[in-house]
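Below is one structure, written out as structure tokens; comments come after it.
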Amino acid sequence: MIFKKQSQVFMTLLFFVDQTILWGSWLLAYWTRFHLIDYPQAESIAPFAGYFEISWVVVLFGAVTFIYARMYHPKRIFHYRGEAGAILRANLLLWMALLGASFFYRGFSFSRVQSLHFLLISLLLISAYRGGVRYTLAWMRTKGRNLRYVLVIGASNTASMIVSKIRENPGLGLVMRGYLAKQPNEALGLEYLGNYPNIPEVIHSQGIDQVFVALDSDQQSDLGQINQLLAEETVDFNLVPDIYHSLAINPEFLDLDGMPIIALRQSPVDGWNRVIKRAFDIAVALCSILVMTPFWVVLPLLIKLTSRGPVFYRQTRMGLDGKSFDMLKFRSMRTDAEASTGAVWAQKDDPRVTRIGALMRRTSLDEIPQLFNVLGGSMSIVGPRPERPELIGDFKKEIPNYMLRHKIKAGLTGWAQINGWRGNTSLEKRIEYDIYYLTHWSIWFDLKIFLLSLFKGFIDPNAY
């Protein structure tokens, strides 16, 4: 209870300091706009009194938007990126609310440029202040202050994971007293305090205020007994779900009408990430089509001169969420290449490849038309290379987690390709690299892969 009261006092203090910073940022933005950085040049200097009067409205709006954006989350297990996202969200909401209110207020005409100054200044000052608070708290906890005493319940893989995470983050101020389990596990490196019935005794003797129940999926039948014993105590009960037996991609806690759900496997490209990735795809595809204009003339001419048949070739591939699409390529094989064999991978010195086709395949020039797949939305610039549905039926049975690569759009280039896993190489290694890409996706990772592809992604000895 002492800890909870301290937390309430701390959050209240944090709230008032935040609002003070917002108030000061609004007034400072007036000075920077009209006296320090007069760009674009203002026709006249607005009276300070008008901005001072409205500053209290800014604080009122700030209080509402900051609470709505969960800026006062009471949990110490709150990642830095989570707090940074809350700060950005709160400030943008406040800025938009002020802009909206200014359209209905006719007593004074406020500068839109000044509001941008306010947004940037408040973001900078609140981020610096919150960063200083986090650093100070982490330093205090390393000195033995503001600590929480933890009991871990469980001794298998899930328990091992939570123990490792707590040890890797000493700034959280979580001190592990030991663990309870049916059987001891020396690999945890904690003191074994007994079996589940010892929960009440251990909580009181060790001064426990945080309990982490970390059971593996095959131990969930023990949860009823543990829950009953903890129901008689006032400690914080933290349940660590066992998601480590399943490969998790972009895991997220969801709420279905008050019922918590853990989404384990979903595309990492969602919401604004989808918009950003799509904008990146369109921009790169359009620029690439223009840069490669000479190839649009030369390659079709060479294809027609060296073999009979159409210039372009359509092939069905599997893309996002297992949906099929027609992938465009410059034709590099005879028109009857698969008449007797069906769908098979190309081999070295494949007799089905035309003379110009061999060069195009080694240099990936046959894939230039896929830029139109990117513009159409069936492919992305960066992503796992798509495979043919006829082959995937066997692949997904032989290779664990193969189908996870379809949780993101197929790409012209990818992490596996720039690391040499393309063509007739180890399929297992390609899937390993594709899954790494999925679990580590960011727009900066896409940009890195694209830039590396310019030097080593399109020409490869395994492409034939």
Side-chain angles (χ1 to χ4, degrees), residues 81 247 249-250 267-270 272-296 299 317-320 327-330 332 345-346 348 358-387 399 401-402 404-464:
R81 285 180 295 181
L247 180 61
I249 296 177
N250 193 31
S267 174
V269 184
D270 201 7
W272 281 108
N273 287 335
R274 179 181 297 180
V275 174
I276 294 170
K277 186 172 175 64
R278 183 66 180 142
F280 174 79
D281 288 341
I282 292 173
V284 173
L286 287 174
C287 291
S288 299
I289 289 172
L290 292 175
V291 169
M292 294 182 177
T293 298
F295 293 106
W296 295 106
L299 290 178
R317 297 290 178 104
M318 185 175 288
L320 179 65
M327 188 176 75
L328 288 173
K329 300 179 74 174
F330 281 130
S332 60
W345 274 355
K348 188 174 183 180
L359 174 63
M360 288 194 299
R361 293 173 77 90
R362 281 198 301 271
T363 56
S364 300
L365 291 176
D366 62 323
E367 297 178 357
I368 291 177
Q370 291 167 36
L371 291 168
F372 287 100
N373 283 113
V374 174
L375 287 179
S378 57
M379 290 182 67
S380 181
I381 292 296
V382 180
R385 286 297 296 166
E387 290 292 351
I399 303 173
N401 300 314
Y402 178 88
L404 291 183
R405 68 199 305 271
H406 297 110
K407 297 306 294 182
I408 198 168
K409 281 185 184 179
L412 273 170
T413 185
W415 185 235
Q417 283 67 44
I418 65 170
N419 283 281
W421 301 107
R422 60 174 294 182
N424 195 10
T425 56
S426 170
L427 193 57
E428 289 80 3
K429 293 298 293 185
R430 286 164 62 179
I431 301 308
E432 178 185 332
Y433 277 78
D434 286 342
I435 290 177
Y436 179 88
Y437 169 73
L438 276 169
T439 54
H440 293 80
W441 181 87
S442 72
I443 194 62
W444 306 112
F445 197 17
D446 270 8
L447 182 60
K448 173 183 176 180
I449 293 171
F450 173 70
L451 293 176
L452 287 173
S453 298
L454 298 178
F455 298 98
K456 62 177 185 178
F458 295 117
I459 300 177
D460 192 279
N462 295 316
Y464 36 77

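Nearest heavy-atom pair across Arg361 and Lys329 is NH1-NZ, 4.2 Å. Nearest heavy-atom pair across Thr293 and Leu290 is OG1-O, 2.6 Å. When all heavy atoms are compared, the tightest approach of Met318 to Pro386 is O-CB, 3.6 Å. What you find for Ser267 and Asp270 is that their closest heavy atoms are O-CB, 4.3 Å. Closest approach of Gly383 to Tyr437, counting heavy atoms only: CA-CE2, 3.9 Å. Lys409 approaches Pro384 most closely through the heavy-atom pair O-CD, 3.6 Å.
Although no hydrogens or angles enter the test, the distance criterion places no donor-acceptor pair under 3.5 Å between the side chain of Asp281 and the main chain of Gly377.
Atoms CD and OG, from Gln370 and Ser364 in turn, are 9.0 Å apart once rounded to the nearest 0.5 Å. Separating the CG atom in Leu320 from the NZ atom in Lys407 is a distance of 7.5 Å, to the nearest 0.5 Å. Between the CZ atom of Phe280 and the CD1 atom of Ile381 there is a distance of 7.0 Å, given to the nearest 0.5 Å. Between atom CG of residue Leu404 and atom CD1 of residue Ile399 there is a gap of 12.0 Å, rounded to the nearest 0.5 Å. Glu367 contributes atom CD, which lies 9.5 Å from atom OG of Ser332 (distance to the nearest 0.5 angstrom). The CD1 atom of Ile431 lies 9.5 Å from the CG atom of Asn401; values are rounded to the nearest 0.5 Å.
Contact of the Ile449 side chain with the Thr413 side chain is registered, since non-hydrogen atoms from C-beta on lie closer than 4.5 Å. Within the 4.5 Å cutoff, the side chain of Asp446 has no heavy atoms near those of the Phe450 side chain. Looking at Ile408 and Pro268, their side chains come closer than 4.5 Å, going by heavy atoms from C-beta outward. Side-chain contact check for Phe445 versus Val382: every heavy-atom pair is 4.5 Å or farther apart. Side-chain contact between Leu412 and Leu371: present, with at least one pair of heavy atoms (C-beta onward) separated by less than 4.5 Å. Counting heavy atoms from C-beta on, the side chains of Leu286 and Ile282 come closer than 4.5 Å. In this structure the side chain of Glu387 reaches within 4.5 angstrom of the side chain of Arg405, judged on heavy atoms. At least one side-chain heavy atom of Val269 sits less than 4.5 Å from a side-chain heavy atom of Trp441.
Classification of the His406-Tyr402 ring pair by plane angle, with boundaries at 30° and 60°, yields perpendicular. Using a 30° and 60° split on the angle between ring planes, Phe372 and Trp296 fall in the perpendicular class, above 60°.
Residues satisfying the ring-ring contact (aromatic ring centres under 6.0 Å, His included) test with Phe295, not counting sequence neighbours, are none.
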Worksheet entry | Derivation of the side chain to side chain contact (heavy atoms under 4.5 Å, CB included) call for Ile289 and Leu375 | CA-CA 10 Å; Ile289 289 172; Leu375 287 179; 3.6 Å; yes
Item to complete: Check step by step if side chain to side chain contact (heavy atoms under 4.5 Å, CB included) holds for Leu451 and Leu447.
Response: CA-CA 6 Å; Leu451 293 176; Leu447 182 60; 4.2 Å; yes
